[in-house]
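The structure appears below as structure tokens.
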Amino acid sequence: MTAITEKQLSTPAIYQYIFKLVGEEGIETLRRWSDVERNQKWLESKLADEAVKGSDRARFERESELDPVDFCNAEKSDEEVAEITEINLNTVRHTLYNLYEHRLAEYRRIKNNETGWLTYLWVMKMENVEPVLKSEMEFAKSKLAGKLHYDEANDFYQCKECGITTTFNEAMNNNFACPQCGQMLVHFDDELLINALKKRIDKMQATLNDA
């Protein structure tokens with residue numbers, strides 16, 4: 001269970017990946033949640049709050065004995081993450097669920113015996129970010145490679161009126177007429193697209209080699 005680090009956020013591929021998942025506010029949520037000093041101040045405020053009683057106080061007292069870094073990585077409810085980060089609760093929940101869907105956060109559910117309420121306690125799993133990113137890049141690269149193979153294996157025709165593009169066989173079956181408007185199809189040179197696909201695949205492979 002590890003929080004996100006500035007080293008990870010300074011890595012362009014990781015930053016862009018997490019930004020795609022949670023956006024700018026989500027990244028700020030993760031930064032603040034990973035701030036050891038911010039976590040300690042929040043814990044001190046909880047221990048000083050006389051309204052905090054019962055099992056909640058017992059938990060905070062136990063956690064006050066943890067190393068500050070360990071406490072920063074300890075389980076927190078979504079409401080507690082919102083308090084620590086001073087980020088809107090809906091944004092926090094959106095961030096947590098998106099991270100969970102990509103194996104970058106986990107939760108467990110507990111029941112308060114005094115109130116009967118269910119609480120979800122969350123932890124970050126940022127030790128997974130590199131393998132998760134690599135796996136998703138491998139998948140994206142395989143999809144691009146499939147498209148490249150398809151484009152290289154086919155000859156294409158296009159309708160200048162509708163923009164519809166078809167393969168040679170499809171165009172021949174329609175007597176080289178657009179199936180939508182009836183205009184004659186013209187040959188479409190997809191060399192630029194093929195070269196662009198090759199460059200994207202090469203760039204992704206280079207990134208994977210450096211991972």
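Residues: numbered from 1 along the sequence shown. All values derive from a computational prediction rather than experimental measurement.
Of all non-hydrogen atoms in Gln8 and Ala3, the two that sit nearest each other are OE1-O, 4.1 Å. Leu185 and Ala171 get closest at one heavy-atom pair: CD1-CB, 3.7 Å. Pairing each heavy atom of Ser77 with each of Leu121, the nearest pair is N-CD2, 3.7 Å. Considering all non-hydrogen atoms of both residues, Ala177 and Gly182 come closest at CB-O, 3.9 Å. Contact detail for Glu130 and Glu127: the closest heavy-atom pair is OE1-O, 4.0 Å. Scanning both residues, Ala105 and Leu96, for their nearest heavy atoms gives CB-O, 4.2 Å.
Looking only at side-chain heavy atoms (C-beta outward), Val92 and Trp33 stay at 4.5 Å or farther from each other. Considering only heavy atoms from C-beta on, Leu104 comes within 4.5 Å of Tyr17 through its side chain. When side chains are defined from C-beta on, Ile84 does not count as touching Arg32, because their heavy atoms never get closer than 4.5 Å. At a threshold of 4.5 Å between non-hydrogen side-chain atoms, the residues Glu79 and Arg93 count as touching. Using a 4.5 Å heavy-atom cutoff, the side chains of Glu161 and Gln180 are not in contact. Inter-residue side-chain proximity for Leu43 and Phe71 is flagged as met; some heavy-atom pair is nearer than 4.5 Å. Counting heavy atoms from C-beta on, the side chains of Val22 and Ile27 come closer than 4.5 Å. Side chains of Phe188 and Thr166 form no contact here, defined as non-hydrogen atoms less than 4.5 Å apart.
When only modelled atom types and interatomic distance are considered, Asn90 and His94 share no side-chain donor-acceptor pair under 3.5 Å. There is no side-chain donor-acceptor pair under 3.5 Å between Gln183 and Lys160.
At least one donor-acceptor pair under 3.5 Å links the side chain of Ser10 to the backbone N or O of Lys7. Checked by atom type and distance alone, the side chain of Asp189 pairs as donor or acceptor with a backbone atom of Glu191 at under 3.5 Å. With Thr95 contributing its side chain and Thr91 its backbone, the two residues share a donor-acceptor pair below 3.5 Å. Checked by atom type and distance alone, the side chain of Asn128 pairs as donor or acceptor with a backbone atom of Arg103 at under 3.5 Å. In this structure, Arg57 contributes its side chain and Val52 its backbone to a donor-acceptor pair below 3.5 Å. A donor-acceptor pair under 3.5 Å is absent between the side-chain atoms of Asp49 and the main chain of Ser45, judged by distance alone.
Within a 6.0 Å radius of CD in Glu24, other residues, nucleotides and ligands contribute 12 heavy atoms or fewer. Atom OH of Tyr97 is surrounded by more than 12 heavy atoms from other residues, nucleotides or ligands within 6.0 Å. Atom CZ of Arg200 is surrounded by 12 or fewer heavy atoms from other residues, nucleotides or ligands within 6.0 Å. Within 6.0 Å of NE2 in His187 there are more than 12 heavy atoms belonging to other residues, nucleotides or ligands.
Each of Glu83, Glu80, Glu63 was checked for a side chain to side chain donor-acceptor pair (under 3.5 Å) with Lys46, and the lone residue meeting it is Glu83.
Atom CG of residue Asn88 and atom OG1 of residue Thr29 lie 9.0 Å apart, to the nearest 0.5 angstrom. To the nearest 0.5 angstrom, Leu30 atom CG is 12.5 Å from Asp35 atom CG. Going from atom CG of Asn73 over to atom OG1 of Thr2 covers 6.5 Å, rounded to the nearest 0.5 Å. Between the CE atom in Met126 and the CD1 atom in Ile18 there is a gap of 4.5 Å [rounded to 0.5 Å]. Rounded to the nearest 0.5 Å, atoms CG (Leu99) and NZ (Lys125) are 13.0 Å apart. With rounding to the nearest 0.5 angstrom, the CE atom of Met124 is 13.0 Å from the CD atom of Glu106.
A salt bridge does not link Lys134 to Glu138: none of the charged side-chain nitrogens sits closer than 4.0 Å to a carboxylate oxygen.
Hydrophobic clustering, with ILVMFWY side chains joined whenever heavy atoms are under 4.5 angstrom apart, keeps Val81 apart from Ile110. Follow the hydrophobic side-chain contacts under 4.5 Å out from Ile4 and you reach Phe19 in the same cluster. Follow the hydrophobic side-chain contacts under 4.5 Å out from Val36 and you never reach Leu47; the two are in separate clusters. Tracing side-chain contacts under 4.5 Å through hydrophobic residues (I, L, V, M, F, W, Y), one never reaches Ile164 starting from Val186; they form parts of separate clusters. Note on Leu21: it clusters hydrophobically with Leu9, by side-chain heavy-atom contacts below 4.5 Å among ILVMFWY residues.
Note: Tyr157 and Phe168 have tilted aromatic rings, judged against thresholds of 30 and 60 degrees for the angle between ring planes. Below 30°, between 30° and 60°, or above 60°: for Tyr107 and Trp122 the angle between ring planes is between 30° and 60°, a tilted geometry.
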